[in-house]
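Taking it in order: structure first as structure tokens, then the write-up.
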Amino acid sequence: MWSNPQPSFPNGWIHYRCIMTQSHSRTAEIRQAALDCGFSSVGVAAADMMTGDVERYLQWIELGYHGTMSYLERNSDKREDPHLILPGVQSVVVVTQNYYTPYSHENYTGTPDTHGKISRYAWGDDYHDVIPPKLRLVAEKIHELVPGSECKIYTDTGPVMEKAWAVRAGIGWQGKHSNIISKAKGSWFFIGVLFTTAYLEPDTPIGDYCGTCTACLDACPTQAIVEPYVVDATKCLSYWTIETKPDSEIPPAIA
């Protein structure tokens, strides 16, 4: 006759529980260290393949939406496989740096055609200079907690799909304007990414809350958002003011 045996806890199970407890504690400490550095939010993703994201990325490239940014055509293999960036990588830490400021643009009563506005994200120090030192402090904390572990950091400086990793790390969802939207922070933040061979508990991605809203498509002055979630960089103001050469002639439709 079948009977329900009393539960047992073999040494292997106890060892597993111990490892998971240590991992939870370690992840919490690293998360707190990132917040103590001044980051606005922190998320963790498992270092899995990015196949689906890269397929969509390559379709975007094939349509020519990257314009003259030919560097985006290279290293698609590294964008897809994080192990080509850091052998043995297990986790990806994603941090954000809020750049919102309550100050408004100065009112100008002169001729509108002679007065431009500087985007808020450019008001402060260059985020390429601000985020890396803080990420290095997070890496030091990881090395302290997991001796022998390795880390690599990126802030818009390599073949890393920062936004896709941010989605996987539960930072927010990718809106129809292609930027990441956080329920708590909106889109007012920069993204930094840290790859590590240390195992950290991954966060859960959140759903897409855009729904039927088309506010970003309607507001884009040059119709650069050619369809939901797809931006044609060659129609974007930032592309012409940042990515092109100084002597490039801005098309009349953009200017």
CA sep, side-chain torsions, deciding dist, call: Tyr154, Thr157, side chain to side chain contact (heavy atoms under 4.5 Å, CB included): CA-CA 6 Å; Tyr154 288 90; Thr157 50; 3.8 Å; yes
Side-chain donor or acceptor of [X] paired with backbone N/O of [Y] under 3.5 Å:
| X | Y | answer |
| --- | --- | --- |
| Ser248 | Thr244 | no |
| Trp123 | Ile118 | yes |
| Thr155 | Ile131 | no |
| Thr222 | Lys235 | yes |
| Trp240 | Thr234 | yes |
| His83 | Val89 | yes |
| Asn98 | Ser40 | no |
| Ser178 | Tyr229 | no |

Could you grab the distance from atom [atom1] of [X] to atom [atom2] of [Y], nearest 0.5 Å is fine?
| X | Y | atom1 | atom2 | answer |
| --- | --- | --- | --- | --- |
| His143 | Glu150 | NE2 | CD | 7.5 Å |
| Ile153 | Leu86 | CD1 | CG | 12.5 Å |
| Ser182 | Trp188 | OG | CH2 | 13.5 Å |
| Tyr65 | Gln59 | OH | CD | 11.5 Å |
| Ile85 | Asn75 | CD1 | CG | 9.0 Å |
| Ile181 | Trp173 | CD1 | CH2 | 5.0 Å |

Does the side chain of [X] pick up a donor-acceptor pair with the side chain of [Y] at under 3.5 Å?
| X | Y | result |
| --- | --- | --- |
| Asp125 | Tyr99 | no |
| Tyr127 | Asp156 | yes |
| Tyr239 | Thr68 | yes |
| Thr51 | Glu80 | yes |
| Thr196 | Ser149 | no |

Heavy atoms from other residues, nucleotides or ligands near OH of Tyr71 exceed 12 (cutoff 6.0 Å): yes
More than 12 heavy atoms of other groups within 6.0 Å of Lys163 NZ: yes
Salt bridge (Lys or Arg N to Asp or Glu O under 4.0 Å) assessment of Asp36 paired with Arg31: CA-CA 9 Å; Asp36 290 343; Arg31 189 186 305 276; over 6 Å; no
Sub-4.5 Å side-chain heavy-atom contact between Tyr199 and Gln90: yes
Heavy-atom side-chain contact between Trp165 and Phe195 under 4.5 Å: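 The answer is yes, as the side chains (C-beta and beyond) meet within the 4.5 Å cut-off.
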Asp53/Arg79 under salt bridge (Lys or Arg N to Asp or Glu O under 4.0 Å): CA gap, chis, key distance, verdict: CA-CA 9 Å; Asp53 296 283; Arg79 299 179 196 278; over 6 Å; no
Pair Glu144 + Lys141: basic N to acidic O under 4.0 Å: yes
Short N-O contact, Lys78 and Asp81, less than 4.0 angstrom: no
Cluster link Val138 to Val146, ILVMFWY, side chain under 4.5 Å: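 Yes; tracing contacts between hydrophobic side chains, which count when under 4.5 Å, links both residues.
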Ring-face cation contact, Tyr100 with Lys185, 6.0 Å cut, 45° max: no
